[in-house]
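Some notes on the structure that comes next.
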Amino acid sequence: MVEIRIPYPLWERWREALLGRRDVESKAFLLARALEAGGSVFLLAREVIPVPDEAYEERSAGAVVVRREFVRELLIRCALDGLSLIEAHTHPWSQRVRFSGIDARSNPRKFRATAVLGPPFRHAALVFGGDESFQGELWDPEAERAVPVQRIKIIGPGLEIRYGTDQAEPEGTARREIYDRQIRALGEAGQRLLAGCTVGLVGAGGLGSMIAQALALLGVGRLILVDPDVLEPSNASRVVGIRARDAQQGRLKVTALAEGLRRLAPHPLQVEALPYPVNDPRAWEALLQADVLIGAVDSAAARAFLNRLAVATLTPYLDGGVGIRAAEGRMQAGGGQVRVVRPGAGFCLMCLDEEAWERSVEEMDAERRAAQAARGYIRGEPIPHPQVVFLNGVVAHLLAWEFVKLVTGVAPVVPYVYYDLMAQRVFAPEGAAPRPGCLACSPEGWLAGGWDVLGEEGRSARPGAEGEGEGNGPDPTQPT
């Protein structure tokens with residue numbers, strides 16, 4: 001698969017540069033970071049480069065040619081910065097657009113001319129029609145041929161996926177006899193979007209298992225479960241989808257949960273169970289294939305890493321957490337929160353509390369970090385926290401609702417939701433907004449930075465993935 005990921009503000013800029021004029025063909029370039037995993041190529045948009053009038057050698061209703069000097073400067077920049085080049089032009093009169101005969105002859109010549117740059121450089125060409133349809137191809141240097149660009153993923157108020165005119169959209173599962181009541185609420189198109197969605201869920205404990213259960217019942221087509229932990233007897237009262245003997249035998253959480261989900265799902269469900277810490281390269285390469293990331297983790301370091309992974313790979317991320325404060329068997333406070341990170345189109349977790357995320361990793365000496373890494377945690381001693389299944393259920397389903405809104409567009413996403421258990425109140429805390437110059441999600445920071453921004457810090461800090469999101473990091477009993 002070849003996929004282009006682009007934040008909504010960049011998409012609007014690219015769209016305006018290409019289709020701002022409909023009387024002549026136009027051209028615009030996209031500089032992107034290329035990531036490859038599992039035989040797929042993901043092009044992460046970083047910058048739109050419109051073509052100024054003076055850089056056109058020819059421009060008419062039937063042809064467009066850009067001066068070589070302009071393209072040469074872009075290629076030099078790609079070589080220096082380790083970026084890839086996506087060039088796009090328009091056939092503004094076309095519907096369900098396809099490459100012309102001229103395009104079919106010129107694209108391979110251009111691809112072969114730039115092949116000398118070699119990896120990580122990749123070269124793609126797209127054509128857009130007046131109806132915003134597109135066709136695209138990427139040069140495969142090993143096979144020495146062009147392969148189709150299947151889809152463009154736009155991360156904005158929601159998650160929009162557009163398929164090329166030569167690509168068939170997944171049919172998904174919208175079986176009326178199973179999902180009749182749900183289709184009445186979300187529509188058949190919404191149900192198909194859920195069925196075609198791949199979700200990467202990190203954390204298979206009490207909260208994570210309830211989120212997984214909701215996704216399976218909603219009809220999500222594929223789940224990637226990540227958690228290195230094994231079940232303990234105390235998990236039997238909170239982790240749904242497992243059997244009592246699973247906890248007694250100390251089975252891997254992801255393995256037991258995957259089996260339970262396959263029994264539960266009313267449709268064929270693909271489940272991949274990965275017993276790795278989230279920052280293990282095997283985990284993040286698998287999670288790169290996800291359309292949406294969901295975190296149900298119990299440490300600040302795990303949240304910080306997931307936040308970084310989301311902005312680095314342009315993947316929407318829903319973060320869930322719960323917590324209870326109690327003394328002598330009486331609850332004093334409790335609650336949970338759901339936060340929706342839309343990289344390049346909204347806040348990230350570091351925008352809300354940069355210092356907390358940095359402290360989660362930086363304030364530890366090497367000996368303490370190594371000791372915690374050995375167990376899968378990074379901060380503080382792992383002590384039992386008070387938990388109850390009904391709180392997990394409320395927050396899991398608040399998160400599931402935001403997920404449905406993000407994927408189907410059935411209603412606007414509320415990017416920050418807080419639940420006060422004691423007052424039985426749900427509200428959106430104020431002040432959750434992108435912070436200019438944020439180290440994580442600004443264009444000058446880690447946004448669309450790919451694997452490079454995960455670095456050695458990510459490889460050495462092994463954030464635990466199990467749990468209900470309690471304890472280390474922001475206090476889930478109070479909104480950040």
Side-chain angles (χ1 to χ4, degrees), residues 2-7 9-18 20 25-36 41-59 63-90 99 102-128 134 136-147 149 152 311-314 343-344 437 442-455:
V2 180
E3 174 180 284
I4 297 172
R5 296 181 180 178
I6 182 167
L10 278 187
W11 166 256
E12 283 291 280
R13 207 172 304 158
W14 201 27
R15 179 177 172 275
E16 176 60 27
L18 287 167
E25 291 191 12
S26 301
K27 195 155 190 173
F29 295 85
L30 198 64
L31 302 185
R33 181 81 64 190
L35 296 184
E36 301 184 38
V41 179
F42 302 88
L43 298 168
L44 313 179
R46 291 181 62 88
E47 185 178 349
V48 172
I49 309 291
V51 177
D53 292 340
E54 64 271 17
Y56 284 106
E57 185 174 298
E58 180 183 352
R59 191 184 192 192
V64 62
V65 179
V66 176
R67 296 187 184 279
R68 290 185 178 184
E69 297 81 8
F70 187 83
V71 180
R72 181 174 177 274
E73 291 300 317
L74 292 180
L75 290 172
I76 291 172
R77 184 171 170 197
C78 287
L80 292 174
D81 296 341
L83 299 175
S84 294
L85 187 68
I86 303 170
E87 55 178 278
H89 72 284
T90 60
F99 286 120
I102 295 174
D103 298 331
R105 291 189 295 274
S106 66
N107 283 347
R109 289 199 298 268
K110 290 184 289 189
F111 292 150
R112 288 190 175 94
T114 61
V116 294
L117 293 176
F121 175 81
R122 303 301 294 262
H123 194 170
L126 280 76
V127 60
F128 283 88
F134 79 93
E137 55 187 19
L138 174 80
W139 185 250
D140 183 341
E142 293 186 4
E144 294 190 344
R145 64 183 179 88
V147 296
V149 175
I152 298 175
V311 298
T313 62
L314 294 184
S442 69
E444 302 78 27
W446 302 333
L447 188 67
W451 302 144
D452 291 348
V453 306
L454 300 179

Are the side chains of D452 and R33 in contact, using a 4.5 Å heavy-atom criterion? yes
Would you sort out whether K27 and Y56 count as a side-chain contact (heavy atoms from CB on, under 4.5 Å), showing the intermediate values? CA-CA 9 Å; K27 195 155 190 173; Y56 284 106; 4.2 Å; yes
Short side-chain to backbone donor-acceptor contact, R145 and D140, under 3.5 Å: no
Could you tell me whether the side chain of T90 and the main chain of S26 form a donor-acceptor pair under 3.5 Å? yes
When every non-hydrogen atom of G136 is compared with those of L126, the smallest separation belongs to CA-CG, 3.9 Å
If you take all heavy atoms of A28 and P50, which pair is closest and at what distance? CB-CA, 4.3 Å
Nearest heavy-atom pair of P7 and A45: which atoms, and what distance? CD-O, 4.3 Å
Mind running side-chain contact (heavy atoms from CB on, under 4.5 Å) on E36 and F42 for me, showing each step along the way? CA-CA 6 Å; E36 301 184 38; F42 302 88; over 6 Å; no
Using side-chain heavy atoms (C-beta onward) and a distance below 4.5 Å, is L30 in contact with L43? no
Return the minimal non-hydrogen interatomic distance between L18 and A88, and the atom names on each side. CD2-O, 3.4 Å
More than 12 non-hydrogen atoms from neighbouring residues, nucleotides or ligands closer than 6.0 Å to CD on E12, yes or no? yes
In this structure, CG of L31 is separated from CG of L74 (nearest 0.5 Å) by 6.0 Å
Interatomic distance, L75 atom CG to L85 atom CG [nearest 0.5 angstrom]: 5.5 Å
Do the side chains of P343 and L447 get nearer than 4.5 Å, heavy atoms only? yes
Closest approach of E58 and A63, non-hydrogen atoms and distance? OE2-CB, 3.5 Å
Where V41 and R122 come nearest, the two heavy atoms and their spacing: CG2-NH1, 3.8 Å
From CA spacing to verdict: side-chain contact (heavy atoms from CB on, under 4.5 Å), W14, L10: CA-CA 6 Å; W14 201 27; L10 278 187; over 6 Å; no
Side-chain polar contacts of residues 103-118 - donor-acceptor pairs under 3.5 angstrom, sequence neighbours left out - could you list them?
| residue | atom | partner | partner atom | Å |
| --- | --- | --- | --- | --- |
| D103 | OD1 | H89 | NE2 | 3.3 |
| D103 | OD2 | H89 | NE2 | 3.2 |
| D103 | OD2 | H91 | NE2 | 3.4 |
| D103 | OD2 | S100 | N | 3.0 |
| D103 | OD2 | S100 | OG | 3.1 |
| R105 | NH1 | G101 | O | 3.4 |
| S106 | OG | I102 | O | 3.2 |
| S106 | OG | D103 | O | 3.4 |
| N107 | ND2 | E137 | OE2 | 3.1 |
| R109 | NH1 | R105 | O | 3.4 |
| K110 | NZ | E87 | OE1 | 2.8 |
| T114 | OG1 | K110 | O | 3.3 |
| T114 | OG1 | F111 | O | 3.2 |
| T114 | OG1 | H123 | ND1 | 2.8 |

Output, in order, the C-alpha distance, side-chain angles, deciding distance and verdict of side-chain contact (heavy atoms from CB on, under 4.5 Å) for W451 and T313. CA-CA 8 Å; W451 302 144; T313 62; 4.0 Å; yes
Please enumerate all residues that pass salt bridge (charged side-chain N to carboxylate O under 4.0 Å, His left out) together with R77, with sequence neighbours excluded. E47, D81
Over 60° means perpendicular and under 30° means parallel, so tell me whether F70 and F29 are parallel, tilted or perpendicular. tilted
